[in-house]
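Following: one structure in structure tokens, then a few remarks.
We number each residue from 1, following the sequence as shown.
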Amino acid sequence: VGIEDLSYDQIADVNKVFVSRIRDLKNDSRFKYILIFRNYGQRAGAVIPHPHSQLIATPITPKRVMEELRGARRYYSFRSRCVFCDMMSEESEAKERVVYENSQFLSFCPYASRFPFEIWIVPKIHASDFENIEESAMFELADVLKATLQKLKKALNEPDYNFILHTAPVRHSRNGSWATIDKEFHWHIEIMPRITYVAGFEWGTGFYKNPTPPEEAAKYLRKMDVL
Ligand SMILES: [Zn+2]
Ligand SMILES: [Zn+2]
């Protein structure tokens, strides 16, 4: 059983728990970042069999998040626009990498996917902090999660995957040069199916070889009838 098998209300309840935990933990000045993730299946590192998510608050902003923040800032500095907003408008126009969309969220296989069938879910309206999500977007978020994960499950026969929620670092750590992160960064979810192995080349370089073009992955996922 995965989260996609729960009802819309149950999925929304899980997301509401994430929101309330983040809202509480961000008051603790020891923490700079709060990461929510899910490891589904053994290859993704899950050690207990029932569906579960994890939250880890860290005293520093993690390296991967910092890379995204810096990349988003570089883009903003020459375009004066959010890179995620631009990526999304290109994707929803081109359609070829779109997996699913509803009025508030776009689910797509990113142009430079690192893994076969990698999927990103991005809110259509710019927002840097996940925990500020409107109550009215909760149903749409449950819908996009359920549709996307059911498609993935059907397409790849229930693959193991990692699910990561990237939101901006907590507000009290955004002093000085990071004070403008609100307009530069855009929260999002990354889903990485574990169907190929991360091995010597990847560890040695930080580069990823992906045998499945995202256009093919998205086309296949779109065809999966779910719900
Ligand atoms: Zn944006
Ligand atoms: Zn990210």
Side-chain angles (χ1 to χ4, degrees), residues 2-4 6 8-41 44-77 82-85 104-105 119-142 144-146 148-149 161-192 206:
I3 191 165
E4 66 280 1
L6 303 178
Y8 294 105
D9 284 344
Q10 288 170 322
I11 298 172
D13 283 346
V14 171
N15 292 326
K16 284 176 194 165
V17 171
F18 294 160
V19 167
S20 75
R21 292 304 297 133
I22 294 176
R23 284 184 184 162
D24 180 52
L25 283 163
K26 71 181 184 179
N27 295 322
D28 187 326
S29 61
R30 291 172 301 170
F31 302 133
K32 286 203 166 166
Y33 196 77
I34 299 164
L35 181 75
I36 284 168
F37 60 97
R38 181 180 313 119
N39 301 330
Y40 183 81
V47 288
I48 44 176
H50 67 265
H52 61 288
S53 301
Q54 299 177 62
L55 177 153
I56 291 188
T58 55
I60 55 162
T61 300
K63 180 168 173 284
R64 266 271 287 134
V65 175
M66 200 52 107
E67 284 168 6
E68 281 192 354
L69 294 173
R70 291 203 175 111
R73 164 156 296 183
R74 266 200 306 279
Y75 187 90
Y76 196 93
S77 70
C82 160
V83 63
F84 295 89
C85 286
Q104 307 235 26
F105 293 91
I119 304 169
W120 285 25
I121 295 174
V122 184
K124 289 183 174 176
I125 295 171
H126 181 82
S128 57
D129 301 273
F130 165 72
E131 72 274 20
N132 293 340
I133 186 171
E134 302 273 339
E135 181 77 27
S136 61
M138 283 293 187
F139 178 83
E140 302 292 308
L141 179 58
V144 73
L145 284 170
K146 193 171 169 75
T148 302
L149 290 169
Y161 66 84
N162 296 106
F163 170 110
I164 291 159
L165 194 155
H166 272 156
T167 184
V170 300
R171 202 153 286 275
H172 62 74
S173 70
R174 290 187 223 165
N175 39 24
S177 65
W178 292 108
T180 51
I181 208 67
D182 271 1
K183 52 185 187 185
E184 296 161 357
F185 191 71
H186 192 130
W187 75 265
H188 58 276
I189 289 165
E190 301 177 23
I191 299 164
M192 285 154 288

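Every residue meeting the side chain to side chain donor-acceptor pair (under 3.5 Å) condition with H126, not counting sequence neighbours, appears here in chain and number order: H186. Among residues two or more places apart in sequence or in another chain, the side-chain contact (heavy atoms from CB on, under 4.5 Å) test is passed with K32 by T61, S173.
Within 6.0 Å of CD1 in I125 there are 12 or fewer heavy atoms belonging to other residues, nucleotides or ligands. Within 6.0 Å of CZ in R74 there are 12 or fewer heavy atoms belonging to other residues, nucleotides or ligands.
When side chains are defined from C-beta on, F163 does not count as touching I3, because their heavy atoms never get closer than 4.5 Å. At least one side-chain heavy atom of L141 sits under 4.5 Å from a side-chain heavy atom of F105. Looking only at side-chain heavy atoms (C-beta outward), V144 and I189 stay at 4.5 Å or farther from each other.
In this structure, CZ on F139 lies 11.5 Å from CD on Q104, to the nearest 0.5 angstrom. Note: L6 CG to L149 CG = 10.5 Å, rounded to the nearest 0.5 Å. With rounding to the nearest 0.5 Å, the separation of CD1 in I36 from CG in N15 is 8.5 Å. Atoms OG and CZ, on S128 and F84 in that order, are 11.0 Å from each other to the nearest 0.5 Å. How far OH of Y40 is from CG of N162: 13.0 Å, rounded to the nearest 0.5 Å. Between K26 atom NZ and T167 atom OG1 the span is 8.5 Å, to the nearest 0.5 Å.
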Open item on the list: The test is side-chain contact (heavy atoms from CB on, under 4.5 Å); show your working for V19 and F130 and say whether it passes.
Closed with: CA-CA 7 Å; V19 167; F130 165 72; 3.7 Å; yes
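The stretch residues 55-65 participates, sequence neighbours left out, in these salt bridge (Lys or Arg N to Asp or Glu O under 4.0 Å) pairs: K63-E67, R64-E68, R64-E190.
The two residues A46 and N39 have their closest heavy-atom pair at CB-O, 3.2 Å. Residue L165 comes nearest to Y33 through the heavy atom pair O-OH, 4.2 Å, listed as atom of the first residue, atom of the second, then distance. In this structure, P123 and W187 approach most closely via the heavy-atom pair CD-O, 3.1 Å. The two residues I133 and M138 make their nearest non-hydrogen contact at CG2-CE, 3.7 Å. The two residues A12 and A142 have their closest heavy-atom pair at N-CB, 4.0 Å. Nearest heavy atoms, F37 versus L35: CD2-CD2, 3.8 Å.
One N or O on the side chain of S20 and one on the backbone of V17 form a donor-acceptor pair closer than 3.5 Å. Judged by distance alone, the side chain of Y8 and the main-chain N or O of E140 form no donor-acceptor pair under 3.5 Å.
Under the 4.0 Å criterion applied to side-chain N and carboxylate O atoms, R21 and E131 are not assigned as salt-bridge partners.
Between H188 and H166, the ring-plane angle classifies as perpendicular under the 30° and 60° cut-offs.
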